[in-house]
Amino acid sequence: MGPEPVGNDIHGDGYVLASLSILVLIGLQVLVDDPSDVPLWLPIFLFGLGVMGILRANWIAFAFLAFPIWSLLGALLSNRLIEEGSYITEQFRSGFSNGATNLIALYSLAMLIAAHALIARGMRSWVPLDRERSAYRIDKVATLLCFVLLGILVFYVAILMMYGVASGSDRFSYWNSMQPQVRAAVQGVRSLGTPITAFTVLFAVITTSRSLRRYLLVLLVMLQIPLWLMGDKFSPFIGSLMAALSGLGLAYLFLGKSFRVRASYALWASLAVAATLTALVQGFTQMAGSRGESDGAADAILGRTVLQGHVWFGIFDRSQSMSGALASMSDLLAQNSLENPTGLNYLSYLVSRPEYVNARLERGVTFTMGGPASPLAFAGPMLGLLLYVAIGCLYALQFTMIVAALKQGRYVFCGLGLLASVPLHSVVLMGNWYSIYNEVGIVVIAAAVILMISRRRDAYSGAFVTNPRGLKRAK
């Protein structure tokens with residue numbers, strides 16, 4: 001008897017709750033004349049309520065969007081701190097409590113609801129695969145993944161032997177001590193290899209045979225050790241955790257199973273969260289220490305959090321005092337360089353002192369969370385909101401590509417779909433619109449076109465089928 005296709009259920013009351021949050025945020029934006037009259041906790045509460053709504057609507061789509069949810073929440077908290085009076089010395093500013101928190105909550109939640117609804121709608125056509133019939137192909141992928149993990153570990157061991165441990169300095173100083181080619185290789189493995197591996201491992205742990213699970217888990221844990229030693233205590237850890245959540249969700253969709261909380265799940269999840277929080281706290285503290293700041297971990301975390309959304313705050317602040325667009329299409333889409341900054345780097349010059357921006361970019365340090373700020377600078381508050389919602393729907397296209405590859409048993413194309421998260425996050429969250437046509441973006445687009453126009457395969461036998469709606473074995 002095959003698995004029950006209950007993992008793709010959609011609960012409409014969740015969307016009702018999220019929509020109510022959106023309506024209240026719109027009302028606050030339109031009806032309140034003085035932003036200081038709005039309690040600063042209210043937009044964050046409404047954003048959280050909306051996020052709980054989309055979690056209720058469908059947890060698999062929520063898991064797939066875990067990384068943008070986390071990142072946008074950080075920008076939201078940042079703007080609340082700034083509106084409360086936290087000061088960033090390098091930023092131009094005409095005021096504090098100006099309504100930036102409410103508007104970014106509206107942008108973020110509207111984009112997430114649209115992306116979530118499209119992803120959940122795409123799930124409804126999914127036909128769960130028979131675990132026993134598809135086991136051989138999945139186990140082959142899991143075995144290959146073990147060798148990939150070993151290769152990544154060997155790569156990191158070689159780097160550690162060449163450059164040592166990043167003790168006594170922050171991660172940027174450690175990276176900049178490497179040769180440019182080595183640094184590019186490390187960043188590529190870190191941003192591509194680690195999150196995708198975490199996604200695939202958790203997917204494989206749920207779907208593959210028990211004999212391979214222990215090897216996958218042990219190798220994945222070992223992979224975090226060189227990341228720790230090299231000072232990567234921020235995005236690699238968070239990226240791995242969020243990618244693993246996406247893998248968990250798609251594994252349950254793959255098998256058509258519903259998620260039930262078990263004691264073992266709670267234990268492993270608690271350990272993962274505790275390890276991630278520990279890494280984050282130590283990373284914040286180490287970075288503060290490398291700058292000569294002697295305050296405790298709480299102050300270090302507070303200082304870093306304020307920086308998460310300050311580009312949005314600055315763009316919003318300037319848009320209120322200036323008429324017309326702050327950025328043109330070429331300012332956001334043209335290829336970025338130190339001589340001709342575009343995208344997030346261009347926005348950074350609009351909100352901060354040029355000498356400060358120059359110093360950071362020359363050290364290889366980019367600014368954070370310019371994604372929602374890009375359409376705001378280009379099209380203004382309301383048209384910018386619609387543009388950001390449209391850009392966020394790219395997540396649904398990525399999900400469609402991954403699911404289409406799974407349906408056809410084409411796991412290489414599924415891996416290319418995972419690669420899409422790199423330019424996608426850069427476009428939606430960082431505001432670097434040109435990332436959609438960088439090397440990774442071009443490969444993903446080409447793979448998506450090939451997958452779309454090529455003949456379907458039977459996900460079990462590998463034979464071609466002519467029925468576009470079914471997954472029946474070809475005659």
Side-chain angles (χ1 to χ4, degrees), residues 14 17-18 21-22 24-25 28 38-57 59 61-84 86 99-116 119 195 234-246 249 269 272-273 276-277 279-281 283-284 298 300-313 315-316 344 367-374 376 385 388-389 391-392 395 421 424-431:
L17 181 61
S21 297
I22 282 283
V24 176
L25 286 168
L28 292 174
V38 179
L40 290 178
W41 57 265
L42 186 56
I44 297 175
F45 171 77
L46 292 170
F47 177 83
L49 202 62
V51 167
M52 293 302 295
I54 64 174
L55 173 60
R56 162 66 180 165
W59 77 268
F62 178 91
F64 191 80
L65 293 170
F67 190 84
I69 290 171
W70 168 272
S71 299
L72 291 166
L73 177 61
L76 192 63
L77 294 173
S78 169
N79 276 268
R80 179 188 174 178
L81 292 171
I82 296 173
E83 287 201 87
E84 283 183 336
S86 296
T101 306
N102 189 80
L103 190 59
I104 195 174
L106 177 57
Y107 267 59
S108 303
L109 189 55
M111 185 277 286
L112 292 172
I113 291 174
H116 187 280
I119 291 171
F234 295 98
S235 54
F237 282 85
I238 291 296
S240 295
L241 179 61
M242 300 306 172
L245 288 177
S246 300
V273 171
T276 302
L277 291 178
L280 288 173
V281 170
F284 287 134
I301 294 173
L302 183 68
R304 288 288 301 173
T305 303
V306 171
L307 291 172
Q308 284 298 106
H310 79 101
V311 173
W312 164 272
F313 186 94
I315 293 296
F316 181 77
L344 177 59
F367 286 73
T368 52
M369 285 304 299
S374 298
L376 174 65
L385 171 63
Y388 191 59
V389 168
I391 292 173
Y395 285 113
S421 63
L424 188 54
H425 292 329
S426 185
V427 169
V428 180
L429 300 178
M430 302 301 288

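Fair warning: this is a prediction, and the values are worked out from it, not measured in the lab. For reference, positions follow the sequence shown, starting with 1.
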The reported gap from CG in Leu103 to OG in Ser108 (rounded to nearest 0.5 angstrom) is 9.0 Å

Given side chains that start at C-beta, do those of Thr368 and Val311 come closer than 4.5 Å, heavy atoms only? no

Phe316 side chain reached by Asn79 side chain, heavy atoms, under 4.5 Å: no

How far does CZ of Phe47 sit from CG of Leu42, to the nearest 0.5 angstrom? 14.0 Å

Quick one: CG on Leu424 to CD1 on Ile391, what's the gap to the nearest 0.5 Å? 10.5 Å

Tell me, do Leu245 and Phe62 make a side-chain contact under 4.5 Å, heavy atoms counted? no

Do the side chains of Pro68 and Tyr395 get nearer than 4.5 Å, heavy atoms only? yes

Could you pull out the closest heavy-atom pair between Thr305 and Leu81, with the gap in Å? CG2-CD1, 3.9 Å

How far does NE2 of His310 sit from CD1 of Ile82, to the nearest 0.5 angstrom? 7.5 Å

Shortest non-hydrogen pair, Glu84 vs Leu40, comes out as CG-CD1, 3.3 Å

Kindly give the heavy-atom pair with the smallest separation between Ala18 and Gly50, and that separation in Å. CB-O, 3.7 Å

Below 4.5 Å, heavy atoms only, C-beta onward: do His116 and Ile113 meet side chain to side chain? no

Any chance you could measure Ile104, atom CD1, to Leu76, atom CG, to the nearest 0.5 Å? 6.5 Å

side-chain contact (heavy atoms from CB on, under 4.5 Å), that's the test. Do Phe67 and Ser421 meet it? Break it down for me. CA-CA 10 Å; Phe67 190 84; Ser421 63; over 6 Å; no

If you take all heavy atoms of Leu109 and Leu46, which pair is closest and at what distance? CD2-O, 4.0 Å

Evaluate the side-chain proximity of Leu72 to Met369: yes if any heavy-atom separation is below 4.5 Å, no if none is. yes

Is there side-chain contact between Ile69 and Ile54, with at least one heavy-atom pair below 4.5 Å? yes

For the pair Trp312 (side chain) and Pro372 (backbone), establish whether a donor and an acceptor sit closer than 3.5 Å, ignoring hydrogens and angles. no

Thr101 vs Phe313 side-chain heavy atoms within contact, under 4.5 Å: no

Heavy-atom closest pair, residues Ala63 and Ser246: O-OG, 3.1 Å

Nearest-0.5 Å distance, CG of residue Leu344 to CG of residue Leu429: 11.0 Å

Which pair of non-hydrogen atoms, one from Ala61 and one from Ile119, has the smallest distance, and what is that distance? CB-CG2, 3.7 Å

